Amino acid sequence: MSKNDTTNNDQPINTSSSQTQAVEITNALPIRLHAFDLARHVVISPDGRRFVVATSDDTHLGRGYITTVYPQQNDYLTLVRLTILEATSNTPEEAIKRHISVAHAIQQGKLKDLNKFS
């Protein structure tokens with residue numbers, strides 16, 4: 001068995017990407033980027049619930065740039081199989097803008113409103 005066969009695909013992978021940008025969002029916690037990530041943050045809603053907002057480059061899969069929201073449990077466990085929101089952008093710049101607007105909407109308690117327009 002090769003070394004790559006034993007790799008857990010759910011583990012974060014740091015890659016240096018020319019598209020990775022330092023995105024700062026007030027009152028959001030940055031987390032380590034995964035492969036193909038442009039930005040990733042933990043965002044807390046007014047009711048105290050935590051969500052991970054991740055924006056990734058999925059152009060290699062023909063999907064464009066994807067911004068996804070996942071719930072976070074126990075302050076650390078990201079429930080990636082329970083996608084709450086997924087939105088596609090055509091450019092990295094548009095994707096970063098969407099990432100920031102989604103994070104701000106969560107902070108303002110407007111996540112349900114985003115689901116209507118995605």
Side-chain angles (χ1 to χ4, degrees):
M1 181 183 307
S2 73
K3 186 177 181 180
N4 288 339
D5 292 338
T6 62
T7 302
N8 181 348
N9 290 331
D10 292 336
Q11 295 297 315
I13 301 171
N14 273 342
T15 61
S16 56
S17 168
S18 61
Q19 296 182 13
T20 300
Q21 302 179 23
V23 178
E24 291 188 30
I25 299 173
T26 305
N27 297 323
L29 309 168
I31 21 182
R32 186 169 51 173
L33 297 177
H34 291 206
F36 304 108
D37 274 358
L38 300 181
R40 184 173 289 261
H41 291 86
V42 173
V43 181
I44 303 170
S45 66
D47 63 2
R49 293 178 35 202
R50 291 172 166 250
F51 299 92
V52 173
V53 179
T55 298
S56 305
D57 176 353
D58 275 1
T59 55
H60 61 285
L61 298 174
R63 295 175 17 141
Y65 297 88
I66 307 295
T67 299
T68 312
V69 177
Y70 307 105
Q72 190 178 49
Q73 184 177 349
N74 300 329
D75 296 336
Y76 70 93
L77 180 62
T78 303
L79 304 174
V80 294
R81 300 200 192 271
L82 297 176
T83 303
I84 294 172
L85 171 86
E86 186 172 279
T88 305
S89 302
N90 294 320
T91 65
E93 295 80 14
E94 182 183 321
I96 292 299
K97 287 179 185 177
R98 184 179 303 257
H99 180 93
I100 293 168
S101 67
V102 167
H104 287 160
I106 291 170
Q107 289 174 331
Q108 296 168 5
K110 298 180 180 177
L111 179 59
K112 289 182 183 180
D113 296 338
L114 290 175
N115 273 328
K116 295 176 188 173
F117 301 107
S118 299

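These numbers come from the heavy atoms of this one structure, side chains and all, not from hydrogens, waters or symmetry mates. These figures come from a predicted structure and were not determined experimentally.
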| CZ/Phe51 to CG/Leu111 distance, rounded to the nearest 0.5 angstrom? | 5.5 Å
| Nearest 0.5 Å, what's the NZ-CG distance between Lys112 and Leu85? | 14.0 Å
| Taking atom OH of Tyr65 and atom CZ of Arg98, what is their separation to the nearest 0.5 Å? | 14.0 Å
| remark: Shortest non-hydrogen pair, Ile25 vs Gln107, comes out as CG2-NE2, 4.1 Å
| query | At their closest point, which heavy atom of Leu82 faces which heavy atom of Pro71, and how far apart are they? | reply | O-CD, 3.1 Å
| query | How many angstroms lie between OG in Ser45 and CZ in Arg50, if you round to the nearest 0.5 Å? | reply | 10.0 Å
| Given side chains that start at C-beta, do those of Asp58 and His60 come closer than 4.5 Å, heavy atoms only? | yes
| field | Over all atoms of both residues, closest heavy-atom pair of Glu94 and Thr88 | value | OE2-O, 4.4 Å
| task | Could you check Val53 against Ile106 for side-chain contact (heavy atoms from CB on, under 4.5 Å), going step by step and ending with a plain yes or no? | result | CA-CA 9 Å; Val53 179; Ile106 291 170; 3.6 Å; yes
| Does the side-chain contact (heavy atoms from CB on, under 4.5 Å) test come out yes or no for Glu24 and Thr26, once each step is laid out? | CA-CA 7 Å; Glu24 291 188 30; Thr26 305; over 6 Å; no
| field | Residues forming a side-chain hydrogen bond (donor to acceptor under 3.5 Å, both in side chains) with Thr55, sequence neighbours excluded | value | Thr67, His99
| request: May I have the step-by-step check of side-chain contact (heavy atoms from CB on, under 4.5 Å) for Thr83 and Tyr70, ending in yes or no? | output: CA-CA 5 Å; Thr83 303; Tyr70 307 105; 3.5 Å; yes
| query | How close do Ala95 and Ser89 get, heavy atom to heavy atom, and via which atoms? | reply | CA-OG, 3.5 Å
| task | List the atom of Arg32, the atom of Arg40, and the distance in Å for their closest heavy-atom pair. | result | O-CD, 3.6 Å
| remark: Between the CZ atom in Arg49 and the CD1 atom in Ile44, the distance rounded to the nearest 0.5 Å is 12.5 Å
| request: Report yes or no: does His41 contribute a side-chain atom to a donor-acceptor pair with the main-chain N or O of Val23 at less than 3.5 Å? | output: yes
| note | Distance col, row Ile66:CD1 vs Leu61:CG, nearest 0.5 angstrom, shows 9.0 Å
| Minimum heavy-atom distance Ser56-Asp37, with the two atoms named | OG-OD1, 2.8 Å
